[in-house]
Amino acid sequence: MREMDKAFDFRTAQTRWYEVWEAARAFEAAPDSGKEPWSIVIPPPNITGNLHMGHALVNTLHDVLTRFKRAQGYDALWVPGTDHAGIATQMMVERQLKAEGTDRHKLGRDAFERRIWDWKEKNQGAIEHQLKRLGCSVDWTRNRFTLDPSLNKAVRKVFVESYKAGRIYRGPRMIQWDPALQTALSDLEVKYEERRGKLWYLRYPMSDGHGEVVVATTRPETMLGDTAVAVHPEDARYQHLIGRTVDLPLTGRKIPVVADSFVDPTFGTGCVKVTPAHDPNDFAAGQRLKLDSITILGFDAKMTAAAGAYAGLDRFEARKRVVADLEAQGFLVKVEDYVHKISLSDRSGAVLEPLVSEQWFMDVKEAAAKALAAVQDGRIAFTPEHHAAVWQHWLTNIQDWCISRQLVWGHRIPAWTCAACGGLHVEMEAPSACGACGDKKLIQDPDTLDTWFSSALWPFSVFGWPDETADLKRYYPTSVLITGYDILFFWVARMAMAGLTWMGDVPFRKVYFNSLVRDASGQKMSKTKGNVIDPLEVMEEYGTDALRFALAIMAAPGTDIAMSPARLEASRNFCNKLWNASRFVQMNLDASITLETEPVFGEAEYWLIGRLRDELGAITDALEAFRFHDAADRLYHLVYDDFCATYIELAKVQLQSGTQAQKAAILHFLDILLRALHPFVPFLTEEIHEDVMAERLPAGEPTLLALRSWPIGEWILRARGGDAALIPRFQEVLSAFLRLKAEQGVDPAKRVAAFCSLLELEPFAEALKAIARLESVTFTSADLASPTRAVAVVAGGAVALELAGLKDPAAEKAKLEKELAKLEKELEPLRARLADDSFVTKAPEAAVAKLRGQAEEREQRLAQVKALLG
RNA sequence: GGGCGUAUAACUCAGCGGUAGAGUGCUACCUUCACACGGUAGAAGUCCCAGGUUCGAAUCCUGGUACGCCCA
């Protein structure tokens, strides 16, 4: 049996145990165990990633739940994995290339792709190592990567079958183009930002020479691609213009004036220019009204040949030139300052360009309806529930999803075009020859799929789908999903849609949306603000267990977490407290006392058993309901207040001189606490378990705490006896003695004689003497008041200290009078309410009884104070 | 423009129909034989504002104010 250090050495413990757990295969699923399965899949971190606070939180919560469920006796499986993160990863490697003075085009596609794979092989281990550092009890034998061949097979199957069912199609559509990354994006990858800009008013003369129209625009350069001017059909001001044509300045083209209700009559002049090739609204209007579409801006964000004299200019340069020319030729009416929203790439930050482009799209309306229904009818339950409202709104207004990306890094689109006849083939495997013309030269679509396409399949692709594996049957649907609400649409909704479509069932039964981790003052962490707290540094400084516990105790559903050094310190101190309490137990029990030593219980034991029973019930309920903070908070107080402050102090006497049976009780209590705390602070508890419990376990009990059961069913918790009210009374009396000493300025170490009128506390005399450091405690029903004593009122009686010569009688009297006034003030509303008929008759009996109890207790004190005052 | 969330002690947050709590900080004291990463005692709050429901509201409802987020 080892001697424990004075302080918990977390640095050693948190690096040691993970290997032991892995070697024991403690976290591997046990499909053949006959246990009920419980499963969860990790939100796969990007391979580019470093563990940040968001990861630390989400994975801590995963681990708490998984360890809890494992302990409860489930076949708990947490599937780990990483995401290839198309854009993010490619950007990172491209940046490296740039630093080396080359780029992906010079390298060529194949070499570039190999380069990213190399990078991935080198870096994937980092994030996995960090998950281990955090203690995540994942099943590494089932580790997945979103580009694994089996996951690729799933992707191809979904693509091909969706295509054949008509839900995936290719076509020219207006998409958001990122000129910096040179790829299309989906609507979700667009961020809108308010910018101060200008509103230019342009004059377009009527072709017949009679009059003009003035249009307002924030993007004057696009006028080169105008193919109409539009007014609202009911706008009385412009009825006479409809059907006529105007001469488009700088180009000499004649374009019609059309009517369409998309025009906002209150914007600008109420006349708008229509550029179907470069604006989403105009594109839709162009389709409706069958207008021409002229592309004057290319994918490189430079003007095209169609822009005539402006061809080759950058879009922002072209704007300056067009405005200057319009002004010179008298077509510029005025310029106003104007604040408008611009769309930016969520990835590169570049100003996006709405462009018509040939891309692949997925029609998700049918799947969206299924996902919507699943939440409405409760097959998927959200915590917090309010996210369901956002879910509903988004899914009912969902647009087709642009799934193709002009990137190298990702799942290649399984579509081939025949070089000879142009025939399109969408197949699982590369066709050997064109089905139409027989030509053997087939060119695969160069594009890859949106990263989220493979993420959507994650809850079943990780289990081997489309193969009908045993894992798939056993672990799908997963039990719970834990993730951030920021990816509700990106990921959660798409998994729901994919699961319902391909598996015919929800991918998870419950979703818990974790909080956002912010800094100490509630600010979002960001590198630019410099307020990022790095979990790896925290683990070094405060310990992994402290980090986990701090995150858990702050993880109240629906509110953000303000992470601060103060919180981390509190958690570290908590860990140390548990360590020292355990050390105390270890020091006081010789090796012959084990968990098989039959314990006997006294008042203190029955009281603590009652506390453990109540709290473990509440903790279990809290974990089932994702109230991690509630569970952690209860454990915190159970350890500090009940176990350490109260029980250990009371047990000290018997630990020194008691019987083996008396001493055995505390071992059981510590054992229960360790098992309950293990999901939150696994390294600390495993370390203590080894030091204190490992050699005292009953035969057949797992020697690793990670494998032991959730303690709620422990036989000891069913023991009942004693008077539950005694301990709180003892605490109050003890506190009163200490307060009297402090009030009277008595040195805490000076032993004085004490008196107590609560005769039932006599069994606690030794404890009171030891803790309050008293010379003696006399239990008596006689009047305690005396000129040489300081007295205090407690529930049901009074206590006193003998202070001959030390005491100021006037101050003592003033104190009691103050107490009297306070009690009168407290009693006033209580008496009033109890005298109130409507309260007594209408309020529930329990509420009245409780109030009556409170009133009686105070009346008693009042009487006691009066008696002491004489 | 629509939707959602949050306003509680100096700070960060729990509580969400029975009369206010935690952590940190603050004040005073204590190195008592598990722990100073400790202990004891204490100070500190018109629970954003205004109405309403109720025997009773920090808690439920309505309206307002402030801040944050999401969608257009």
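- To the nearest whole angstrom, the two P atoms, one in B:rG25 and one in B:rG17, are 33 Å apart.
- Under the side-chain contact (heavy atoms from CB on, under 4.5 Å) criterion, A:Arg858 pairs with A:Leu823, A:Glu826, A:Leu827, A:Leu830, A:Gln854, sequence neighbours left out.
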(request) Taking Watson-Crick and G-U wobble pairs with both distances under 3.5 Å, convert RNA chain B into its dot-bracket string, 5' to 3', dots for unpaired and | for cross-strand pairs. (result) (((((((..((((....[..)))).(((((.......))))).....(((((..]....)))))))))))).
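- Summarising the geometry, the separation between NZ on A:Lys822 and P on B:rA43 is reported as 8 Å, rounded to the nearest angstrom.
- Look at CD1 on A:Ile771: it is 16 Å from P on B:rC35, rounded to the nearest Å.
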(request) Check the pair A:Trp394 / A:Leu188 against side-chain contact (heavy atoms from CB on, under 4.5 Å), numbers first and verdict last. (result) CA-CA 11 Å; A:Trp394 190 71; A:Leu188 281 177; 3.9 Å; yes
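- Among the heavy atoms of the strands lying under 4.0 Å from A:Arg773 is at least one base atom, whether or not backbone atoms are also near.
- Against RNA chain B, the stretch residues 849-859 of chain A makes heavy-atom approaches under 4.0 Å through A:Lys850, A:Gln854.
- Separating the CG atom of A:Leu655 from the P atom of B:rC33 is a distance of 16 Å, rounded to the nearest angstrom.
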(message) Protein within reach of the bases, or only the backbone? For nucleotides 53-60 of chain B, mark each nucleotide 5' to 3' as B, S or -, using heavy atoms under 4.0 Å.
(response) --B-----
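- Judged as a salt bridge (charged side-chain N to carboxylate O under 4.0 Å, His left out), and not counting sequence neighbours, the contacts of A:Glu615 are A:Arg611, A:Arg634.
- Here A:Tyr647 and A:Phe669 bring their ring centres to under 6.0 angstrom of each other.
- If A:Ala570 and A:Phe8 are placed on RNA chain B by their nearest nucleotide, the residue sitting closer to the 5' end is A:Ala570.
- Residues passing the salt bridge (charged side-chain N to carboxylate O under 4.0 Å, His left out) test with A:Arg347: none are found, sequence neighbours excluded.
- Outside the 6.0 Å centre-distance limit, the rings of A:Phe683 and A:Phe10 are not counted as a close aromatic pair.
- Atom P of nucleotide B:rA34 and atom CZ of A:Phe584 are separated by 6 Å, given to the nearest angstrom.
- Taking the six-membered ring where the residue is Trp, the centroids of A:Phe628 and A:Tyr512 are separated by under 6.0 Å.
- Proximity of A:Ser735 to the phosphate of B:rU40: no side-chain N or O atom is located under 4.0 Å from OP1 or OP2.
- Every residue meeting the ring pair (Phe, Tyr, Trp, His ring centres under 6.0 Å) condition with A:Tyr636, not counting sequence neighbours, appears here in chain and number order: A:Phe574, A:Tyr640.
- As judged by a 4.0 angstrom heavy-atom cut-off over every strand, A:Arg572 is placed among the base-contacting residues.
- For A:Phe8, the ring pair (Phe, Tyr, Trp, His ring centres under 6.0 Å) test picks out A:Trp579, with sequence neighbours left out.
- Closest contact between the side chain of A:Tyr640 and the listed nucleotides B:rC70, B:rA22, B:rG38 involves B:rG38.
- Taking atom C1' in both B:rA9 and B:rG21, the straight-line distance is 10 Å, to the nearest Å.
- With respect to A:Glu856 and A:Arg852, no salt bridge is recorded, no charged nitrogen being found less than 4.0 Å from a carboxylate O.
- B:rU59 sits 10 Å from B:rC47 when the P atoms are compared, rounded to a whole Å.
- Residue A:His387 is classed as having no contact, given no heavy-atom separation below 4.0 Å to the nucleic acid.
- Under 3.5 Å, the side chain of A:Glu649 and the base of B:rA34 form at least one donor-acceptor pair of N or O atoms.
- Whole-Å rounding puts the A:Leu395 CG to B:rC70 P distance at 18 Å.
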Mind listing the side-chain donor-acceptor pairs of residues 564-573 of chain A below 3.5 Å, one per line with the distance, residues two or more places apart or on another chain?
from     : atom 1 : to       : atom 2 : distance (Å)
A:Ser564 : OG     : A:Arg567 : N      : 3.3
A:Ser571 : OG     : A:Ala550 : N      : 3.2
A:Ser571 : OG     : A:Arg567 : O      : 3.4
A:Asn573 : ND2    : A:Glu569 : O      : 3.4

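- Regarding contacts with the backbone of B:rG39, a side-chain N or O of A:Lys577 is found under 4.0 angstrom from either OP1 or OP2.
- With respect to A:Lys822 and A:Glu828, no salt bridge is recorded, no charged nitrogen being found less than 4.0 Å from a carboxylate O.
- Taking atom OH of residue A:Tyr192 and atom C1' of nucleotide B:rC70, one finds them 13 Å apart after rounding to whole Å.
- Residue-environment remark: CD (A:Glu817) exceeds the threshold of 12 foreign heavy atoms within 6.0 Å.
- Looking at which nucleotide of RNA chain B each of A:Cys644 and A:Tyr485 is closest to, the 5′-most match is held by A:Cys644.
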Please tabulate, one pair per line, all N/O donor-acceptor pairs under 3.5 Å involving side-chain atoms of residues 482-495 of chain A, not counting sequence neighbours.
from     : atom 1 : to       : atom 2 : distance (Å)
A:Trp491 : NE1    : A:Ser455 : O      : 3.0
A:Arg494 : NH1    : A:Phe490 : O      : 3.4

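- Rounded to a whole angstrom, the distance from the C1' atom of B:rU65 to that of B:rA50 is 11 Å.
- For the pair A:Lys652 and B:rA34, the criterion of a side-chain N or O lying under 4.0 Å from OP1 or OP2 is met.
- Between A:Asn573 and the phosphate of B:rG38, there is a side-chain N or O to OP1/OP2 separation shorter than 4.0 Å.
- With a 6.0 Å radius and a threshold of 12 heavy atoms from other residues, nucleotides or ligands, A:Lys365 has its NZ atom above the threshold.
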(message) Strictly under 4.0 angstrom, non-hydrogen atoms only: write out the protein contact profile of nucleotides 4-13 of chain B, one letter per nucleotide from the 5' end, B, S or -.
(response) SS------BS
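- Of the listed nucleotides (B:rG18, B:rC71, B:rG42), B:rG18 has the atom at the smallest distance from the side chain of A:Ala847.
- When the salt bridge (charged side-chain N to carboxylate O under 4.0 Å, His left out) test is applied to A:Glu541, no partner is found at least two apart in sequence or on another chain.
- B:rU31 and B:rA36 have their C1' atoms separated by 7 Å, with the value rounded to a whole Å.
- At the heavy-atom level, A:Phe549 lies nowhere under 4.0 Å from the strands shown.
- Among B:rA34, B:rA41, B:rC30, the nucleotide with an atom closest to any side-chain atom of A:Ile648 is B:rA34.
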